[in-house]
Amino acid sequence: MLRVNLPDGSVLEYSRRVRPSDVAADIGPRLAAATLAAEVDGKIVGTDAPLPESGEVSLRLLTKRDPEALDLLRHSCAHIMARAVMRLFDGVQLAFGPTVTDGFYYDFLLDRSISEADFPKIEAEMAKIVKQDEPFERIEEPHDRAIELCAGLGQALKVEHLREGLGQEEMVSFYRQGEFVDLCRGPHVPSAGAIGAFKLLSVAGAYWKGDASNQQLQRLYGTAWFTQKDLDEYLKRLEEAKRRDHRVLGKQLELFLIDPEVGSGLVLWLPKGATIRRELERFIYQELLKRGYQPVYTPVIGRVQLYETSGHYPYYADSQFPPIEMADGDRFLLRPMNCPHHIRIYQSKPRSYRDLPLRIAELGTVHRFEQSGELNGMTRVRGFTQDDAHIFCTEDQVAEEFRGCLDMTQFVLKTLGLEDYRVRLGFRDPASDKYVGRPEDWDRAEAALEQVCREVDLPELEIERGEAAFYGPKADFVASDCIGREWQLGTVQLDYNLPSPQRFNLEYIGTDNRPHQPVMIHRAPFGSLERFTGMLIEHFAGAFPLWLAPEQARVLVVSQKFEDYGRRVEQTLREAGLRVSGDYRPEKVGAKIRDAQLELIPYMLVIGQREAETETVSIRDRREGDLGAMPLAQAIEKLQAEVHNKTLRT
RNA sequence: GCUGCUGUAGCUCAGUCGGUAGAGCGCGUCCUUGGUAAGGACGAGGUCAUGGGUCCGAAUCCCAUCAGCAGCUCCA
């Protein structure tokens with residue numbers, strides 16, 4: 001006897017073996033037709049997955065109203081795409097075909113390359129399959145039979161996966177739909193007809209099992225939805241996201257430039273972008289000073305030997321600009337990070353425990369030769385400036401210093417209204433040999449870091465093995481760009497290795513009058529100014545809060561007759577510390593407003609006869625529209641207050 | 001670095017079958033002097049990414065290079 005508990009509290013009892021589809025049918029034919037999958041005791045299964053013969057289960061039938069069903073739909077669509085590809089091309093080997101956010105992909109190995117020109121053909125074949133509406137049938141096979149089956153189908157990659165990835169499994173499942181059979185955990189929607197709308201999006205290379213030393217497969221990306229309307233809305237969302245892309249806005253609003261004559265991945269900050277950066281720098285310096293940091297300046301190159309000591313040079317040889325070799329054989333490296341210079345400042349005199357914690361900060365410009373395929377607007381570049389600092393402290397001070405770094409990073413993000421981020425704890429992968437230092441130091445560092453992070457209120461804290469820096473574990477603040485790619489912004493890293501005798505051999509004299517090894521913390525709340533600014537552009541869609549806006553206000557004269565008063569207003573604002581310009585073109589005020597709106601200028605000060613006579617300005621807020629006239633002095637106070645408070649305009 | 005795609009005026013883009021280049025916006029000049037999202041007229045502006053090749057003839061076809069886009073790999 002099986003008791004089935006349904007979400008509405010009702011209970012059905014069965015003395016025979018049933019599947020979710022049977023339960024749905026018992027409830028009603030409409031539900032039976034609409035059911036795409038089921039959730040049994042919290043686990044998503046297909047409608048044909050047998051329920052236990054006895055006992056008690058809770059069952060939820062999933063229809064197109066449930067987001068979980070959409071995921072299944074996409075997975076099923078990946079199978080249909082694979083089926084179409086196998087019909088159209090010879091010798092196709094299947095790799096993996098999972099769902100991703102808003103869609104799915106499938107990796108194929110085949111002789112000829114697939115290009116976007118092939119999409120209509122593939123989509124047409126998929127449409128045929130969807131129209132036929134054949135069911136997805138689950139088949140379970142013992143491991144050895146599965147290998148035979150895949151080998152018989154010529155699916156060598158699947159055989160490899162069965163042997164290596166699924167070597168421990170006794171039984172594995174396949175899904176069959178017509179002539180198409182695929183090793184797959186499932187579940188799937190009952191049949192192909194559930195797919196309301198789909199579209200192939202792109203094709204790209206992808207390495208087998210994600211390893212660049214393996215063969216490259218062809219990955220087809222697509223998306224699928226319950227209805228054409230959902231698909232259209234999704235495509236529209238993609239279009240809209242593109243409009244806030246920092247590369248598009250950076251050009252449109254003249255914020256920055258990447259010029260091939262200068263070099264790819266090298267950012268030229270235009271005056272307006274430079275203004276934003278300067279304000280961010282001012283903000284971060286104020287904050288550093290409040291928090292007991294000591295700013296320094298150091299050069300952008302150093303002797304190669306310095307980076308041999310740190311371990312960076314051997315470790316990252318491929319991703320650095322090659323050393324500059326002098327006639328006398330001396331070699332210099334364009335610095336790929338700032339820590340060695342700061343370490344040498346630490347070592348410039350004997351340090352006592354009384355000096356600690358020592359916090360050395362610098363907006364340090366570094367250069368790294370990133371792979372060409374990685375370069376991306378301002379988010380991945382070859383020259384960038386970190387809001388870097390290195391804290392040298394005693395073991396006892398680590399937790400508090402680390403907490404302070406997390407706090408500063410959170411403060412910075414909050415000030416800018418960046419709430420949508422996650423924190424990644426990057427720990428070492430014990431199986432990898434890329435990490436330096438003693439395992440016991442690593443354990444200590446990871447434990448210390450995790451404990452502090454757990455104490456502090458951090459959103460979406462996750463531990464990721466293998467994400468540590470080679471010298472220590474770290475906490476990264478990660479945010480997504482307009483098309484959903486994740487980027488590391490702020491980072492706080494704990495380092496027991498660079499101070500060690502094998503590296504720089506840092507010391508301080510303790511209360512016991514004996515030398516001890518300090519601990520280092522590397523931290524950068526923004527991360528890089530380039531990447532952070534890029535993300536800010538997208539976050540604000542180019543409409544910056546007043547304190548960051550390159551042009552905070554524009555004086556618009558109704559007619560050129562009022563140019564004199566307009567220029568006086570402009571000058572008064574400028575003297576009050578505001579960034580302002582004036583539009584005295586012989587255009588109608590409507591045209592001037594439109595231009596200012598499109599340039600995302602926060603405030604427009606409209607000036608005509610009335611204002612000139614009464615020493616007032618008519619303020620127009622870019623978002624709110626006309627706010628009416630007010631005395632010039634009052635307008636200035638209003639703007640200054642907004643700047644001072646770093647008000648976020650929502 | 002790898003796979004696929006793309007590169008035409010300052011910007012966004014069109015350019016058919018290979019026959020010597022077009023629009024809108026912007027820019028300049030002139031007219032208009034106006035009240036909260038586009039006033040009008042005229043004009044200038046292109047080594048069709050770069051270098052080779054095929055062809056009587058190349059923006060168009062082929063190759064290479066450079067750059068960008070999407071993805072993979074990498075990310076101190």
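On a predicted model such as this, the values are computed, not experimentally measured, just so you know. Residue numbers begin at 1 in each chain, while the letters A, B, ... track the order of the sequences.
- A:Phe562 places its CZ atom 10 Å from the C1' atom of B:rG35, with the value rounded to the nearest Å.
- Residue A:Lys588 places no side-chain N or O under 4.0 Å from the OP1 or OP2 atom of B:rA38.
- Atoms NZ (A:Lys251) and C1' (B:rA67) sit 12 Å apart, rounded to a whole Å.
- For B:rA67, the base has no donor-acceptor partner in the side chain of A:Ser372 [N/O atoms by modelled type, under 3.5 angstrom].
- In this structure, B:rA21 forms no base pair with any nucleotide, since neither Watson-Crick nor G-U wobble geometry is met with both distances under 3.5 Å.
- Between A:Ile601 atom CD1 and B:rA37 atom C1' there is a gap of 14 Å when expressed in whole angstrom units.
- If you check B:rA37, B:rA76, B:rG35 against the side chain of A:Glu611, the one that comes closest is B:rG35.
- If you check every strand for non-hydrogen atoms under 4.0 Å, A:Gly590 touches sugar and phosphate atoms only.
- Using a 4.0 Å heavy-atom criterion, one finds that A:Ser618 contacts the bases of the nucleic acid, with or without backbone contacts as well.
- Ring centroids of A:Phe96 and A:Trp208 are separated by less than 6.0 Å, placing the two rings close together.
- Taking the C1' atoms as reference points, B:rA49 lies 23 Å from B:rG57, given to the whole Å.
- Comparing the C1' positions of B:rG39 and B:rC13 gives an interatomic distance of 26 Å, to the nearest angstrom.
- B:rG26 atom P lies 15 Å from atom NZ of A:Lys592, rounded to whole Å.
- Set against B:rG35, B:rC72, B:rA37, the side chain of A:Ala206 has B:rC72 as its closest nucleotide.
- Between A:Lys434 and B:rC75, a side-chain N or O to OP1/OP2 separation shorter than 4.0 Å is present.
- With B:rU33, B:rG71, B:rA67 as the choices, the nucleotide that has an atom nearest any side-chain atom of A:Lys561 turns out to be B:rU33.
- B:rC69 is paired with B:rG4 under the Watson-Crick or G-U wobble criterion, all donor-acceptor distances under 3.5 Å.
- Listed nucleotides: B:rU3, B:rU36, B:rG35. Nearest to the side chain of A:Val558: B:rG35.
- When Watson-Crick and G-U wobble pairs are counted only if both distances are under 3.5 Å, B:rA9 pairs with no nucleotide at all.
- Summarising the geometry, the separation between NZ on A:Lys209 and P on B:rC72 is reported as 19 Å, rounded to the nearest angstrom.
- Looking at heavy-atom distances under 4.0 Å, A:Tyr471 makes contact with sugar-phosphate atoms alone, never a base.
- To the nearest whole angstrom, the two C1' atoms, one in B:rU6 and one in B:rG45, are 25 Å apart.
- Atom C1' of nucleotide B:rC75 and atom CD of A:Glu467 are separated by 9 Å, given to the nearest angstrom.
- Contact annotation: A:Arg335 does not reach the phosphate of B:rA76 (side-chain N/O to OP1 or OP2, under 4.0 Å).
- Contact annotation: A:Asn376 side-chain N/O to B:rA70 OP1/OP2 distance is under 4.0 Å.
- Among the nucleotides B:rG35, B:rA70, B:rU33, the one closest to any side-chain atom of A:Pro586 is B:rU33.
- The nucleotide B:rG35 finds no pairing partner, because no Watson-Crick or G-U wobble arrangement with both distances shorter than 3.5 Å includes it.
- Between A:Ser319 and B:rC74, a side-chain N or O to OP1/OP2 separation shorter than 4.0 Å is absent.
- Judged by distance alone with a 3.5 Å cut-off, no donor-acceptor contact links the side chain of A:Gln218 to the base of B:rU3.
- Nucleotide B:rA59 is matched to nothing when pairs are restricted to Watson-Crick or G-U wobble geometry with both distances under 3.5 angstrom.
- Closest to the side chain of A:Tyr316, from the set B:rA70, B:rA76, B:rA67, is B:rA76.
- By the neighbour-count criterion of 12 heavy atoms within 6.0 Å, atom NZ of A:Lys242 is sparsely surrounded, having that number or fewer from other residues, nucleotides or ligands.
- Once the 5.5 Å centre distance and the 30° plane angle are applied, the aromatic ring of A:Tyr221 is found not to be stacked with the base of B:rG71.
- One finds a salt bridge joining A:Arg585 and A:Asp583 here, because a Lys/Arg side-chain nitrogen approaches an Asp/Glu carboxylate oxygen to under 4.0 Å.
- Looking at the side chain of A:Ala591, the nearest of the listed nucleotides B:rG34, B:rG39, B:rG71 is B:rG39.
- B:rC75 atom C1' lies 12 Å from atom OH of A:Tyr435, rounded to whole Å.
- At whole-Å resolution of the value, CD in A:Glu587 and P in B:rG34 are 14 Å apart.
- Within the cation-pi definition used here (under 6.0 Å to the ring centroid, within 45° of the axis), A:Arg531 does not qualify as a partner of A:Phe526.
- For the pair A:Arg503 and A:Phe470, the cation does not sit on the ring face, since its NZ or CZ is not both under 6.0 Å from the ring centre and inside 45° of the axis.
- Residue-environment remark: CZ (A:Arg303) stays at or below the threshold of 12 foreign heavy atoms within 6.0 Å.
- Residue A:Lys474 places at least one side-chain N or O under 4.0 Å from the OP1 or OP2 atom of B:rA76.
- Within 4.0 Å of A:Glu624, counting heavy atoms only, lies no atom of the nucleic acid at all.
- Residues A:Ala448 and A:Leu494 approach most closely at CB-CD2, 4.2 Å, considering heavy atoms.
- Across all strands shown, B:rG26 forms no Watson-Crick or G-U wobble pair with both distances under 3.5 Å.
- Taking 3.5 Å as the limit, the base of B:rG1 and the side chain of A:Tyr207 contain a donor-acceptor pair of atoms between them.
- The side chain of A:Ser115 lies closest to B:rG4, out of B:rG35, B:rG4, B:rG71.
- Remark: aromatic rings of A:Phe104 and A:Tyr106 are distant, center separation not under 6.0 Å.
- The separation of B:rG10 from B:rC27, taken at their P atoms, amounts to 14 Å, rounded to a whole angstrom.
- Residue A:Arg247 places at least one side-chain N or O under 4.0 Å from the OP1 or OP2 atom of B:rA70.
- For A:Ser113 and B:rG4, the shortest distance from a side-chain N or O to OP1 or OP2 is below 4.0 Å.
- For the C1' atoms, the distance linking B:rG22 with B:rU8 amounts to 10 Å, nearest Å.
- At B:rC75, none of the side-chain N or O atoms of A:Arg531 fall inside 4.0 Å of OP1 or OP2 (strictly under the cut-off).
- The six-membered or imidazole ring of A:Tyr346 lies away from that of A:His390, with a centre-to-centre distance of 6.0 Å or more.
- A side chain to side chain contact (heavy atoms under 4.5 Å, CB included) with A:Phe427 is found for one member of A:Lys474, A:Arg465, A:Glu467 and no other, namely A:Arg465.
- Of the candidates B:rG35, B:rA37, B:rG68, B:rG35 carries the atom nearest the A:Val606 side chain, counting heavy atoms from C-beta on.
- Using N1 to N3 plus N6-O4 or O6-N4 for Watson-Crick, or N1-O2 and O6-N3 for G-U wobble, each under 3.5 Å, B:rG45 pairs with nothing.
- For the C1' atoms, the distance from B:rA38 to B:rG52 is 47 Å, rounded to whole Å.
- Between the C1' atoms of B:rC11 and B:rG26, the separation comes to 7 Å (whole Å).
- Here the separation of B:rC72 from B:rG15, taken at their C1' atoms, is 35 Å to the nearest Å.
- One N or O donor and one acceptor, one from the side chain of A:Arg380 and one from the base of B:rC75, sit under 3.5 Å apart.
- Taking only side-chain atoms of A:Gln609, from C-beta outward, the nucleotide of B:rU36, B:rA70, B:rG35 with the closest atom is B:rG35.
- Pairing for B:rC75 is absent, judged as Watson-Crick or G-U wobble with the two contacts each under 3.5 Å.
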